[in-house]
Amino acid sequence: MLYDILKNFEGMSKIDSFSLIHKIEVLLYYTNGPLNLNEIKKIITSEVQSEEIDPFYFSILPNGKFCEFIGSNGIIHIYKEINRFLPDWHIFNTYYFKAKHLPLDLQKLSRRNLLQSFEGKPYQKKIKTFLLKHKASKKDLVTNKMLLLNI
């Protein structure tokens, strides 16, 4: 059975395969009992009903680099790209996010991506209000926590 599954990976790069396997792990986390294709489609296209968007607290980028979980607020998980070659200064940090309604999609944390991701969602107004006052990756100077996690 494993061989039949791996035949579908033929021709894919190793990192694309790892990324796909990670997405499958997250997807399987949300399924119940025996797998049901209708349930899987529903999970892919609908909002997660749990506070946990990604239960594994890490993610893999398409370029093969890992991202570590840095915080969440129930509607969004924020990840920081792990870069071993550059110093850990703010200007070198790259952040990504997963939204509650798109738990398999890791996107770069930017104003445009946030607005597009939350278009037509209940949190859209809060996101727009936040982005009018702050940059997407703005941190609290005292706690060093992402301000986006306070909405």
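This structure is a prediction, so every number in the text was calculated from the model and none was measured.
- Under a hydrophobic-cluster definition in which Ile, Leu, Val, Met, Phe, Trp and Tyr are linked whenever side-chain heavy atoms come within less than 4.5 Å, directly or via other members, L141 and M146 are assigned to different clusters.
- Looking only at side-chain heavy atoms (C-beta outward), E119 and Q124 come within less than 4.5 Å of each other.
- There is a path of hydrophobic side-chain contacts, each under 4.5 Å, that joins M12 to I5.
- Here Q116 pairs with R112, N113 under the side chain to side chain contact (heavy atoms under 4.5 Å, CB included) rule; sequence neighbours left out.
- The hydrophobic cluster containing L109 does not contain L132, counting ILVMFWY residues as joined when their side-chain heavy atoms lie under 4.5 angstrom apart, directly or transitively.
- L35 is connected to L2 through a chain of hydrophobic side-chain contacts under 4.5 Å among Ile, Leu, Val, Met, Phe, Trp and Tyr, so both are in one cluster.
- Atoms OH and CD1, from Y96 and I78 in turn, are 13.5 Å apart once rounded to the nearest 0.5 Å.
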Inset, instruction - Take L148 and I127 through the side chain to side chain contact (heavy atoms under 4.5 Å, CB included) test and state the conclusion after the steps. - result: CA-CA 8 Å; L148 182 59; I127 297 289; 4.2 Å; yes
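- Screening residues 128-149 for ring-ring contact (aromatic ring centres under 6.0 Å, His included), with sequence neighbours left out, gives F130-H134.
- In this structure, NZ in K126 is found 9.0 Å from CG in N73, a value given to the nearest 0.5 Å.
- The structure places OG of S72 at 7.0 Å from CG of L149, a figure rounded to the nearest 0.5 Å.
- Two residues are said to be in side-chain contact when any heavy atoms from C-beta on lie closer than 4.5 Å; K121 and I75 fail this criterion.
- When the ring pair (Phe, Tyr, Trp, His ring centres under 6.0 Å) test is applied to F9, no partner is found at least two apart in sequence or on another chain.
- Using a 4.5 Å heavy-atom threshold, the side chains of D140 and N150 count as separate.
- The shortest non-hydrogen separation linking A136 to L114 is CB-CD1, 3.8 Å.
- Taking CG of L6 as the start and CD of E10 as the end, the distance is 10.5 Å to the nearest 0.5 Å.
- When every heavy atom of N8 is checked against every heavy atom of D4, the shortest pair comes out as ND2-O, 3.7 Å.
- In this structure, NZ in K98 is found 11.0 Å from CD in Q107, a value given to the nearest 0.5 Å.
- A 4.5 Å side-chain heavy-atom check between K128 and L115 finds at least one atom pair inside the cut-off.
- Ring planes of F97 and F118: parallel class, angle under 30° (limits at 30 and 60°).
- Looking at heavy atoms from C-beta onward, I76 lies out of side-chain contact with Y123 at the 4.5 angstrom threshold.
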